[in-house]
Amino acid sequence: MNNHDPQYILDLLAERRSIREFDGRPVDDTLVDDIIQDGTQAPSSCNHQMWHFVVVKDKAVREKLQKISGSNKHFTTCSAMIILTFHKGWNHNKFAVVQSSAAAAYHMSLSAHVRGLVATWNAGIGNKNKVAALLNIPKEFEIVGALCIGWSNESIEFKKPPRRPLDMIRSREVFDRPHSARYPLKPSKEYQYHHMQNHAHKYSEFRPAAWGWDRIADFRGYAVSAKSPLSGTYISRRFGKEMDVEVGLLPKENVGSVLELMPYGGSYTMKLLRAYSDGVTISLAPLSTFNSSFIVERGHKEGLDTERIDAKVWKDGILPYSDDSFDTVFVPQILESVPDRAKVVDEVWRVLKPGAMAVFTARNMLSWFGLYYQLRAKRQQVPNFGPYVPLISLHVKKYLRSRFRIIEDGGISLSPKKAGVIEKGWKKWFCRLYTVTVMKEG
Ligand SMILES: Cc1cc2nc3c(=O)[nH]c(=O)nc-3n(C[C@H](O)[C@H](O)[C@H](O)COP(=O)(O)O)c2cc1C
């Protein structure tokens, strides 16, 4: 093979990955310019080349950009950012001007990769008006995102996120696509693209039953790679405190086997690995192997013993474990995200050992969060962790009681200011999370 072998070049390009851990070493202006120059080789509609790129190397400014974005630590650790903008006013047909900027951004990503650097693409830059004010970007230019340029600082090489198989994303002659990869929207005569924004979505379908197990599994399996499996990933700044409280409800004495249902990015799993000693197996029932492989990579990154993880895919609601297997089962904020709650409750009962306890937590419609859900959340796009409908605390207790003995119940986060605070008495019915510890009677 030589450097002109097409397969060599294609293989090299296919190795490009998004990296979110950089070593921060300074990058030459000429190198950044070369990358941008390469980007301009991309096609553009009508050859307008309406793009404009603002290079930000100043760390103090990147720190401000990071604050505006609300997360993205990598904005501060990379060597430079290229802010992607385009000139508004022309060629909006089929978003051609956006498509052209994207072509340039991808070409820059490839150029960086071939040169041994990384260019991680970010549309999640936060309030673009604040970004515009900070960088003096005029109103007639639209900000579409940013490339973080630099060198990888990954002590552990992460795998590239999975790609959908060809048969799923390519059809011949006429459109055809498997059911699992066609996600539901609310029934409508037509779907107006402009009415489907993250924060205002007219057609989003939040009912898990309308999705079914296969589509929820497919969606969550690919979407988990929206972030890298790094420490702290998928821990909400506001609700992170709740997770410790939820894990704290699990029995710890005489427990040799724990099952966590439907993990997503591993935030609970990491806490379980820390909460239980070395001999305890942490079994997982993810909907997709992509969730468990992400979790294992994350565990490595957090320095945890991932050999203790035993993951088997949970398909069509039937848990892949035998009867009477576990000393405890953890069902954190899952009942409101599944197509068939009764089946889940039955399955948890089946796999629990007689006399063993399970902990269920559920987002509660009878709470400030329920109000937020009705007024805001369900009018937005379905989040990457999948569709959900908060439940009514009283109903949760009722149907858990039909299967189990209730040991204890409570509430967490009566108000946003009381995030993570446990409530008992009447207040428990009105918290964001309703929690129930149950026992399978022997
Ligand atoms: C238009 C676009 C926007 C993206 N926005 C973000 C983002 O805001 N934050 C982030 O961490 N990654 C972002 N990414 C990176 C994707 O998460 C990443 O490309 C995807 O998970 C596939 O991984 P890979 O690039 O390593 O192949 C974006 C990628 C594209 C193309």
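Ligands are counted one by one from 1 in listed order, and the atoms in each one are counted from 1 as well. Counting begins at 1 with the first residue of the sequence.
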Side-chain donor-acceptor contact under 3.5 Å, Q333 with Y268 | yes
Could you give the N/O to N/O pairs under 3.5 Å linking ligand 1 and the protein, each with its distance?
{"residue": "ligand 1", "atom": "5 (N)", "partner": "W121", "partner atom": "O", "Å": "3.4"}
{"residue": "ligand 1", "atom": "5 (N)", "partner": "A123", "partner atom": "N", "Å": "2.9"}
{"residue": "ligand 1", "atom": "8 (O)", "partner": "A123", "partner atom": "N", "Å": "3.2"}
{"residue": "ligand 1", "atom": "8 (O)", "partner": "G124", "partner atom": "N", "Å": "2.7"}
{"residue": "ligand 1", "atom": "9 (N)", "partner": "N122", "partner atom": "OD1", "Å": "3.3"}
{"residue": "ligand 1", "atom": "11 (O)", "partner": "R20", "partner atom": "NE", "Å": "2.6"}
{"residue": "ligand 1", "atom": "11 (O)", "partner": "R20", "partner atom": "NH2", "Å": "3.3"}
{"residue": "ligand 1", "atom": "12 (N)", "partner": "R20", "partner atom": "NH2", "Å": "3.1"}
{"residue": "ligand 1", "atom": "12 (N)", "partner": "W121", "partner atom": "O", "Å": "3.3"}
{"residue": "ligand 1", "atom": "14 (N)", "partner": "W121", "partner atom": "O", "Å": "2.9"}
{"residue": "ligand 1", "atom": "17 (O)", "partner": "R20", "partner atom": "NH2", "Å": "3.1"}
{"residue": "ligand 1", "atom": "19 (O)", "partner": "S18", "partner atom": "OG", "Å": "3.4"}
{"residue": "ligand 1", "atom": "21 (O)", "partner": "S225", "partner atom": "O", "Å": "3.0"}
{"residue": "ligand 1", "atom": "25 (O)", "partner": "R16", "partner atom": "NH1", "Å": "3.0"}
{"residue": "ligand 1", "atom": "25 (O)", "partner": "R16", "partner atom": "NH2", "Å": "3.2"}
{"residue": "ligand 1", "atom": "25 (O)", "partner": "S18", "partner atom": "N", "Å": "3.4"}
{"residue": "ligand 1", "atom": "25 (O)", "partner": "S18", "partner atom": "OG", "Å": "2.6"}
{"residue": "ligand 1", "atom": "26 (O)", "partner": "S18", "partner atom": "N", "Å": "2.7"}
{"residue": "ligand 1", "atom": "27 (O)", "partner": "R16", "partner atom": "NH2", "Å": "3.1"}
{"residue": "ligand 1", "atom": "27 (O)", "partner": "R163", "partner atom": "NH1", "Å": "3.0"}
{"residue": "ligand 1", "atom": "27 (O)", "partner": "R163", "partner atom": "NH2", "Å": "2.7"}

Side-chain contact, heavy-atom cut-off 4.5 Å: Y264 with F294?
-> no
Donor-acceptor pair between D38 and S111 side chains, under 3.5 angstrom | yes
Can you check whether H201 reaches Q197 side chain to side chain, under 4.5 Å on heavy atoms?
-> no
In plain terms, say whether E246 and K271 are close enough for a salt bridge, that is, a side-chain N and a carboxylate O under 4.0 Å apart.
-> no
Do you see a donor-acceptor pair shorter than 3.5 Å between the side chains of R20 and S228?
-> yes
